[in-house]
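Read the structure below first, then the notes.
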Amino acid sequence: MKEFFQRETGHCMGTDPRISVPADMLAITSLLSAPHVSRINAVIKKLEEKFGLDDVQATLDPHLTYQLAGVKKLSSLKTALAKVAAATAPFPAFTTGLGVFPGERPVIYIPVLRSDALNALHRRILAATAPLCLRTDKFSGPDCWLPHISLALHDTTADLLGPVLGYLNQETYNLKITIDNLAILRQEGNLFVQEDIFHMKEKVLG
């Protein structure tokens with residue numbers, strides 16, 4: 001979640017990507033399935049071994065993020081997301097290429113392509129959480145939202161950017177992932193862990 005707080009709150013607001021956000025902000029996400037978790041974590045581990053980049057590992061579960069939210073009642077948020085998940089059939093989403101959010105500490109990520117199904121889910125999440133939010137980030141809005149899977153952040157530098165991207169460029173990152181859950185992540189000490197997960201309907205569309 002550190003990447004959410006340092007990257008995602010700053011993009012559309014024009015603020016420093018290292019911005020500090022209250023610890024009670026939660027991340028609404030979808031977690032990746034086991035095969036893709038293994039693939040992403042293997043890439044992240046190689047970046048640690050070759051370049052010493054390991055801050056992204058504070059979030060144990062590779063994921064894409066829909067929204068950051070500070071809510072009035074966590075139980076109400078869970079109820080709202082459970083209803084969205086129960087009314088949504090799993091569907092495929094696709095990744096391709098690499099991306100960089102520039103800055104003093106660049107964020108390196110794999111973009112997730114925005115499809116009609118993914119956009120529709122994002123809109124349903126925003127609508128369901130709107131009455132519950134005390135605050136959220138502008139980057140979660142429909143015009144600014146850029147879903148992605150982070151590979152490196154916070155401990156990156158401009159000098160490392162070229163070598164890291166050169167290394168990552170040896171592979172392709174064209175994945176077909178299944179969006180079949182909604183998960184809440186929260187801070188626990190120096191880690192960011194699952195608060196709860198809500199599974200979608202069983203039948204996969206597409």
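- Relative orientation of the Phe139 and His148 rings is perpendicular, given thresholds of 30° and 60° on the angle between their planes.
- Each of Ile28, Val37, Thr29 was checked for a side-chain contact (heavy atoms from CB on, under 4.5 Å) with His63, and the lone residue meeting it is Thr29.
- Separation of atoms NZ (Lys78) and CD (Glu195) is listed at 4.0 Å; rounding is to 0.5 Å.
- Each of Leu118, Ile179, Ile177, Thr65 was compared with Ser30 under the side-chain contact (heavy atoms from CB on, under 4.5 Å) criterion, and only Ile179 meets it.
- Applying the ring pair (Phe, Tyr, Trp, His ring centres under 6.0 Å) criterion to His122, with sequence neighbours excluded, gives Trp145.
- Using a cutoff of 4.0 Å between basic side-chain nitrogens and carboxylate oxygens, Glu49 and Lys46 are not scored as salt-bridged.
- Using a 4.5 Å heavy-atom threshold, the side chains of Ser33 and Thr178 count as separate.
- Across Cys133 and Ala69, no two heavy atoms sit closer than the pair SG-CB, 3.7 Å.
- At distances below 3.5 Å, at least one donor-acceptor pair connects side-chain atoms of Asp155 with backbone N or O atoms of Asp55.
- Pairing each heavy atom of Ala158 with each of Pro106, the nearest pair is N-CD, 4.1 Å.
- The cluster map of Ile, Leu, Val, Met, Phe, Trp and Tyr, joined by side-chain heavy atoms under 4.5 Å apart, puts Leu126 and Leu68 in different clusters.
- In this structure a side-chain-to-backbone donor-acceptor pair under 3.5 Å is present from Thr95 to Leu175.
- The shortest distance between side-chain heavy atoms of Leu26 and Gln67 does not fall below 4.5 Å.
- When atom types are taken as modelled, the side chain of Arg105 and the backbone of Thr157 share no donor-acceptor pair closer than 3.5 angstrom.
- Between the CG atom of Leu165 and the CG atom of Leu151 there is a distance of 10.0 Å, given to the nearest 0.5 Å.
- Counting non-hydrogen atoms of neighbouring residues, nucleotides and ligands closer than 6.0 angstrom, the CG atom of Asp116 reaches no more than 12 such neighbours.
- Taken together through direct or relayed side-chain contacts under 4.5 Å among Ile, Leu, Val, Met, Phe, Trp and Tyr, Val100 and Val164 form part of one hydrophobic cluster.
- In terms of heavy-atom proximity, Pro142 sits nearest to Arg114 at O-NH1, 3.0 Å.
- Taking NE2 of His36 as the reference point, atom NZ of Lys176 lies at 9.5 Å (rounded to 0.5 Å).
- Counting heavy atoms from C-beta on, the side chains of Leu60 and Asn41 never come closer than 4.5 Å.
- The distance from atom CD1 of Ile40 to atom OH of Tyr173, rounded to the nearest 0.5 Å, is 8.5 Å.
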Check against side chain to side chain contact (heavy atoms under 4.5 Å, CB included), Thr156 and Leu53: CA-CA 7 Å; Thr156 56; Leu53 301 176; 4.1 Å; yes
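- From Asp196, atom CG reaches atom CG of Asn181 across 11.0 Å, with rounding to the nearest 0.5 Å.
- Lys72 pairs by the side-chain hydrogen bond (donor to acceptor under 3.5 Å, both in side chains) definition with nothing, not counting sequence neighbours.
- When all heavy atoms of Leu31 and Gln194 are compared, the closest pair comes out as CD1-NE2, 3.4 Å.
- Counting only distance, with no hydrogens or angles, the side chain of Gln170 and the backbone of Tyr167 share a donor-acceptor pair below 3.5 Å.
- At least one side-chain heavy atom of Leu121 sits under 4.5 Å from a side-chain heavy atom of Phe91.
- The two residues Leu134 and Val71 come nearest to each other via the heavy atoms CD1-O, 3.7 Å.
- Residue Leu64 holds its CG atom at 7.0 Å from CG of Leu32, rounded to the nearest 0.5 Å.
- For Val112 against Ala93, the heavy-atom pair with the smallest separation is CG1-CB, 4.3 Å.
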Working for side chain to side chain contact (heavy atoms under 4.5 Å, CB included), residues Val193 and Leu185: CA-CA 5 Å; Val193 299; Leu185 301 184; over 6 Å; no
